[in-house]
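It should be emphasised that the depicted structure is a prediction, and the values quoted were computed from it without experimental measurement. Quick note on labels: first sequence line is chain A, next is B, and so on, each numbered from 1.
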Amino acid sequence: MLIIDTYAYTNKLKDTNPMLKFFLSMGLLFTAIIIKNIAIESFIIFFMAFFTIFIAKIPLKSYFYMLILPLSFLLLSILGILISVSKVNVNYLWSIDLFNLYFGISKATLFTTKHLLFRSISALTCTYFLVLTTPMNDLILVFKKLKLPIVFLEMSILIYRFIFIFLEEAKEIHIAQELRFGYSNFKNSYRSISSLIASLFIRIFKRYEDMKYSLAMKGFNNQFHI
Amino acid sequence: MIKMENVMYKYKDNTVALNNINFDLDKGNIIGLIGSNGAGKTTLILNCVGLLKPNKGNITFNKKELKYNKKFLLNLRNHVGVVFQDPDRQIFYSKVYDDIAFGPRNLGLNESEVKKRVDYALKMVNAEKFKDKPVHFLSHGQKKRVAIAGVLAMDNDVIFFDEPTAGLDPDITEKMIALLKRISNEGKKLVISSHDMDLIYNLCDYSYVLNEGEIIGSDKTNKIFLKEDLINKAKLKQPWLVRLHKNLNIPLFKSEKALYSFFNQRSESFFS
Ligand SMILES: Nc1ncnc2c1ncn2[C@@H]1O[C@H](COP(=O)(O)OP(=O)(O)OP(=O)(O)O)[C@@H](O)[C@H]1O
Ligand SMILES: [Mg+2]
């Protein structure tokens with residue numbers, strides 16, 4: 001249902017030791033953040049992308065599409081850093097003059113932007129490597145071995161399960177609406193989406209009630225064991 | 001075991017969902033609870049296990065009146081389990097093993113005992129093949145088996161099944177019937193709620209007929225289904241084997257198999 005989740009369970013590295021994958025990707029991620037060296041960062045990007053595409057065999061096209069979304073946010077925000085505004089034209093490499101203000105790129109901003117870009121992309125490829133090759137349940141075991149707080153583990157387990165319950169519920173309502181032309185034009189879509197949210201809310205509450213019953217039947221004592 | 005006397009239950013919106021219910025688990029080993037949609041089957045089960053508290057009447061467990069404190073309820077639920085209709089509302093972990101182990105772990109068992117119980121439950125429901133898949137990749141029928149395994153691992157003496165075959169295809173339904181028989185053979189008492197008359201006729205030795213919150217009849221299964229008026233009043237239909245018996249004037253068979261072997265023998269003697 002979620003493309004990343006599906007790949008996590010089907011990629012060629014799914015059975016590799018999760019601890020290894022975790023430390024590889026997190027190690028490289030921290031290296032990229034700490035060491036400000038474009039050569040090393042480029043190497044990490046190349047290395048992680050290579051592993052994800054050629055070793056774990058995540059299709060190039062989907063990998064690319066998955067990168068596009070965060071990258072577009074990244075590029076937009078980087079544009080804001082890259083271009084600076086001032087009243088006088090000082091050491092701009094390139095600038096334009098609009099309404100008595102200078103919009104331009106200076107040496108300093110160019111430098112920061114370049115590093116920021118490489119660092120973010122390398123962090124992104126490291127994270128993608130981890131989430132695309134490691135099933136969530138393995139990841140939770142890693143967290144457990146690392147002795148993360150129980151609350152965090154319980155939350156991860158429950159959230160992970162409930163994301164899919166929520167999505168299935170939403171999908172069911174959406175299909176029911178679509179089959180009755182709920183999304184045939186703008187006005188209908190508008191109305192359908194509001195009733196989707198409303199009934200999702202009611203259904204989730206009903207589910208919560210029923211789940212309380214099954215928790216009680218299984219002798220739940222305020223702890224989700226792992 | 002569990003017994004209800006003159007139980008009345010009213011939901012908060014004043015719907016009287018159960019009225020004057022007398023229900024006794026000692027009447028049979030596999031007890032059927034039949035009734036059309038909204039008859040009150042689920043409400044009755046919830047009252048039996050102390051999840052809802054009746055407004056009138058009393059419920060006893062091993063001759064002791066139900067108390068609604070933590071200690072009493074924990075003990076009750078150690079003996080009684082419920083498999084609810086929708087598996088998604090009973091599965092809390094996306095890992096099959098952890099979900100089945102949830103109940104036993106709550107009981108405070110050590111991990112080796114937990115593992116024994118989980119393996120036993122997985123084997124009972126034939127879920128070994130998909131036990132390593134995440135729950136959201138399983139089909140409805142597979143999730144249902146996981147939910148049943150989760151209850152089996154609790155090792156209760158009595159298990160309530162609310163509509164065990166709803167939403168299952170014919171093949172999986174057959175397997176579910178076999179599973180229910182297997183569980184019964186392990187010495188557990190079952191209560192099966194359903195509006196699938198053939199299922200109840202096939203499995204149960206005693207049945208209660210529920211209609212609009214009241215029990216309008218109860219008897220041994222092979223007798224109760226002969227009462228056509230009663231079944232019609234409950235907006236239900238007689239099992240097909242009973243209808244054959246009535247309309248074609250052939251003997252009453254308990255199962256399809258018995259019917260076929262009877263006719264096979266007859267035709268053999270006819271041809272020879
Ligand atoms: N939470 C609730 N609040 C108010 N009324 C309810 C609630 N749950 C059930 N009812 C009502 O109580 C009656 C019995 O419902 P119940 O769910 O026990 O029936 P059922 O026999 O299990 O039906 P089904 O075969 O559809 O599951 C119905 O009239 C129903 O509308
Ligand atoms: Mg019901």
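- Within 6.0 Å of CE in Met155(A) there are 12 or fewer heavy atoms belonging to other residues, nucleotides or ligands.
- The most heavy-atom pairs under 4.5 Å with chain A, out of Leu76(B), Leu46(B), Leu107(B), come from Leu46(B).
- The aromatic rings of Tyr213(A) and Phe84(B) lie parallel to each other, their planes meeting at an angle below 30°, with 60° marking the opposite boundary.
- Minimum interatomic distance between Leu74(B) and Gly219(A) (heavy atoms only, all atoms of both residues): CD2-CA, 4.1 Å.
- Other residues, nucleotides and ligands contribute more than 12 heavy atoms inside 6.0 Å of the NZ atom of Lys188(B).
- A distance of 13.0 Å separates CZ of Arg105(B) from CG of Asn221(A), quoted to the nearest 0.5 Å.
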- After noting the C-alpha distance and the side-chain angles of Asp98(B) and His225(A), does the key distance pass the side chain to side chain contact (heavy atoms under 4.5 Å, CB included) rule? CA-CA 8 Å; Asp98(B) 280 338; His225(A) 307 265; over 6 Å; no

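- Closest approach of Leu51(B) to Met217(A), counting heavy atoms only: CD1-SD, 3.9 Å.
- The minimum heavy-atom distance between Lys218(A) and Phe102(B), with the atom names listed, is CD-CD2, 3.8 Å.
- The contact between Leu141(A) and chain B is made entirely by side chain atoms (from C-beta outward), counting heavy-atom distances below 4.5 Å.
- For a residue to count as touching a neighbouring chain, one of its non-hydrogen atoms must lie under 4.5 Å from one of that chain's; by this rule Asn156(B) does not touch chain A.
- The contact between Ile91(B) and chain A is made by backbone and side chain atoms together, counting heavy-atom distances below 4.5 Å.
- Between Glu168(A) and Arg89(B), none of the side-chain N atoms (NZ, or NE/NH1/NH2) sits under 4.0 Å from a carboxylate O, so this pair counts as no salt bridge.
- Atom NZ of Lys212(A) has more than 12 heavy atoms from other residues, nucleotides or ligands within 6.0 Å.
- In plain terms, the two heavy atoms of Thr6(A) and Phe137(B) that are nearest each other are CA-CZ, 4.0 Å.
- Atoms CD1 and OH, on Ile157(A) and Tyr93(B) in that order, are 5.5 Å from each other to the nearest 0.5 Å.
- Environment of CZ in Phe111(A): sparse, with no more than 12 heavy atoms of neighbouring residues, nucleotides or ligands closer than 6.0 Å.
- Heavy-atom contacts from other residues, nucleotides or ligands closer than 6.0 Å to CZ of Arg182(B) number more than 12.
- Interatomic distance, CD1 of Ile140(A) versus OG of Ser94(B), reported as 6.0 Å (0.5 Å rounding).
- The pair Arg161(A)-Asp88(B) meets the salt-bridge criterion, with a side-chain N (NZ, NE, NH1 or NH2) lying under 4.0 Å from an Asp/Glu carboxylate O.
- With a 4.5 Å cut-off on non-hydrogen atoms, Tyr208(A) does not touch chain B at all.
- Taking the six-membered ring where tryptophan is involved, the planes of Tyr9(A) and His136(B) are perpendicular, since the angle between them exceeds 60° and thus also 30°.
- Between Ser214(A) and Phe92(B), some side-chain heavy-atom pair lies under the 4.5 Å cut-off.
- For Leu52(B), the part lying near chain A is the side chain, with the backbone staying farther off; criterion is any non-hydrogen pair under 4.5 Å.
- For Tyr11(B), the OH atom is densely surrounded, since the number of other residues' heavy atoms within 6.0 Å is greater than 12.
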